[in-house]
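In this chain, numbering begins with 1 at the start of the sequence shown.
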Amino acid sequence: TIVFLKAGEKVSNLQVQVFTPDGQKYSLKNADIFEEAVNENVSRLRFSAPNLTQGAVFEYRYTVLSEYIFQLPEWYFQEDIPTRWSEYRLAIPDWLRYVVLSQGVDANALVKTQGQQRMMVPGSDSQGYSHIDADVNFYRYQMKEVPALRPEPFITTMDDYFARVRFQLSATAYPNRPVDPVMGSWEKASKSLLESERFGQQFLKSKHFKQANEALQSQLAAAATKDEKVNIIYNFLNKTMRWNERHSYMAGSDLEDCFEQKKGNSAELNLLFLALLKANDIPCHPLLLSTRDHGRSIDLYPIMDQFNHVAVLVEHSGQLVVADIGSPYQTLGFPRTESLNGRAWLIDETNPQWIDLPALSGSTIKLATLKLDENGQATGTMQYRISGYDAFPWREKIAAQTDKAAMMKAALDEQYPDIALEEVKAEAPEDLAKPISIAFKCNLPEMAVANGDLLYLSPVFDPLFTENPFKLEDRKYPVDIPYIFSDKFVLQLELPEGYALEEAPEPIKAALPDNGGTFQYTLSQNGNKLNLVTEVKISQLRFEPEAYAGLRHFFNLLLEKQQNPVVLKRKN
């Protein structure tokens, strides 16, 4: 697939050929190349190579003619498969000044030389072109035997870690003209955005949100404090507007039109929130973000293409919180998880600045009171208390599923396919900041396996992890967790008459360095009751590659304790 912009770019001279191991050569016909629209701005050419077999060599080449010089095509030296040789050559006239952004590229990979080349430049009166012998910078990057880098859980995007190079235009210096800065400064970028009709003017001019503000006033009439106003505006938009699944840092449509259609992209929803806050005298600021799958932010240069999302910084309950419109199940101050990418750029007329996003959390507590019989069947009650980020998907399930027993059966089916549930109660308070509670009676026909006088029991109910998420023995990039989390399980199990604890995993309290996380497992018998407490907490958002081995061992230990059976024995 070759992607290009519909306006200002053209792909031509596409040639594809395959050399098979038996020496045959095959070429692709033009009739086998298809052009299709990705969206209103982007198209792509799609093609498949003929006669591909193991050991074949597949080659293709093409030309892109583009009017866009601000950002040259970036080059990836690394992929999720090994690369034997990767080379990138550029010839850039001296009148185009670029900032080079390299990642994972050794300094020895680049050879830079200078020379002259005949080129065509715009005339001094901005009309027509002329030919001159231009000073040219020649770049030649070479990397060989580049290892594969494959994705694992808890990452942002692999683009943050693949070896690659990018060129961003910082200034032009055409012959007989003064140097013209293109990139500017963060202050200029902030001013430009605030003056833009697709950004600042949308929330600074009331004509763009008049209907929304009028529709809101009846609900605001009863608000006594600014906090109440913020809550009302936030809930009003989350219940009224629908996200169209597109991220953007600019409004594609007028906010008034978005409100009429009751949907918009991420910028439109949050700019409307910003507009309504400001219209009702609530201090707030727009935040520009790069979502986790869009890549890490670069604060050295005001490169606007690095952003693809807008959120809002607003004061609430005596502190500044990040708000993100788009889901009726998300608590104020808890932006969508894809927004949790470390930093955001606060836009302000006098003091634009980078801010660190707060470390937020999710928590689940499970309490089980069960009675086990000698056949391995357990009956009793379960209670869940779920808060923070853990609660949001459950709120959505509870709202969408009228049959709560079926909802919980589906959640537990993998571990207990034969579980039977009764009297399932799921409460999701209207106040989104309050935790969700779920309670039910259950019957577990095979919680334990009977073998003569022995019962083999796996007592951890609905564990957070059933396998180690970290498969690689060695990981070359960080573990990046969106939010801190904890999962606690407490079990009180009444044993069958005459049975006692015969064998169990040793109690443990394990901790990661620098308070990065803890795990505890304690099990004991008190009379005819077995008491188990197991809890895992991850309190650190980022683990560098050198900490990976310890983190992987931590999860191996956790799973070993949770999966090792408890043995009960009938006493004569």
Side-chain angles (χ1 to χ4, degrees), residues 198-289 291 308-317 320-339 344 347 360 389 391-392 395-396 399-400 428-434:
R198 295 180 58 206
F199 191 85
Q201 298 305 298
Q202 289 291 320
F203 61 81
L204 293 174
K205 291 184 178 179
S206 60
K207 67 178 183 179
H208 297 298
F209 54 88
K210 183 178 179 181
Q211 288 185 60
N213 197 34
E214 289 175 351
L216 175 67
Q217 292 311 307
S218 61
Q219 297 187 37
L220 284 177
T225 66
K226 284 188 176 181
D227 281 353
E228 290 177 5
K229 284 184 179 182
V230 173
N231 282 330
I232 289 170
I233 299 170
Y234 179 81
N235 293 328
F236 169 75
L237 287 179
N238 267 328
K239 292 175 181 178
T240 304
M241 303 295 291
R242 180 172 59 85
W243 181 40
N244 65 8
E245 306 293 326
R246 293 181 182 176
H247 284 108
S248 178
Y249 77 95
M250 297 288 259
S253 302
D254 190 273
L255 296 187
E256 194 85 326
D257 294 334
C258 294
F259 184 72
E260 286 184 2
Q261 297 171 13
K262 300 296 184 284
K263 65 179 180 180
N265 66 32
S266 65
E268 290 157 355
L269 297 184
N270 282 306
L271 292 179
L272 184 55
F273 182 46
L274 195 77
L276 296 179
L277 290 172
K278 285 184 173 292
N280 292 279
D281 302 320
I282 298 167
C284 53
H285 294 280
L287 297 175
L288 259 57
L289 299 151
T291 57
N308 70 329
H309 182 45
V310 179
V312 177
L313 188 70
V314 60
E315 185 174 338
H316 187 264
S317 300
L320 294 173
V321 300
V322 179
D324 201 352
I325 302 295
S327 169
Y329 311 108
Q330 202 98 342
T331 307
L332 176 67
F334 283 74
R336 61 192 79 187
T337 52
E338 57 263 38
S339 298
I347 298 174
L360 300 167
Y389 276 105
F392 305 146
R395 283 187 179 277
E396 190 168 3
E430 188 173 340
D431 183 349
L432 299 180
K434 292 183 177 179

(message) If you compare all heavy atoms of N270 against all heavy atoms of R336, which two are closest, and at what distance to 0.1 Å?
(response) ND2-NH2, 4.4 Å
(request) Answer yes or no for K262 and F259: cation-pi contact, defined as NZ/CZ to six-membered ring centre under 6.0 Å and angle to ring axis within 45°. (result) yes
(message) Measuring centre to centre across the rings, with the benzene-like ring taken for any Trp, is F334 within less than 6.0 Å of Y389?
(response) yes
(request) Check P283 against V314 and note the closest heavy-atom contact, atom names and distance. (result) O-CG2, 3.7 Å
(request) Evaluate the criterion side-chain contact (heavy atoms from CB on, under 4.5 Å) for residue pair L277 and V230; output intermediate values, then yes/no. (result) CA-CA 7 Å; L277 290 172; V230 173; 4.2 Å; yes
(message) Can you confirm whether the side chains of H309 and T291 place a donor and an acceptor under 3.5 Å from each other?
(response) no
(message) Could you report the tightest heavy-atom contact between L237 and L269, atom names first, then the distance?
(response) CD1-O, 4.3 Å
(request) For side-chain contact (heavy atoms from CB on, under 4.5 Å), just list the numbers for L432 and F392, CA-CA rounded to whole Å, side-chain angles, deciding distance to a tenth of an Å, and then say yes or no. (result) CA-CA 9 Å; L432 299 180; F392 305 146; 5.9 Å; no
(message) What I'd like to find out is whether the side chain of Q202 reaches to under 4.5 Å of the side chain of D254, using heavy atoms alone.
(response) yes
(request) Measure across S266 and H247 and return the closest heavy-atom pair with its distance rounded to 0.1 Å. (result) OG-CA, 3.3 Å
(message) Could you walk me through whether L276 and I282 satisfy the side-chain contact (heavy atoms from CB on, under 4.5 Å) test, starting with their C-alpha distance in whole Å, then the side-chain angles of each, then the deciding distance to 0.1 Å, before giving a yes or no?
(response) CA-CA 9 Å; L276 296 179; I282 298 167; over 6 Å; no
(request) Would you name the heavy atoms of A311 and V322 that are closest together and state the gap between them? (result) CB-CG1, 3.9 Å
(message) Show the nearest heavy-atom pair for residues L360 and G333, with the distance to one decimal.
(response) CD1-O, 3.5 Å
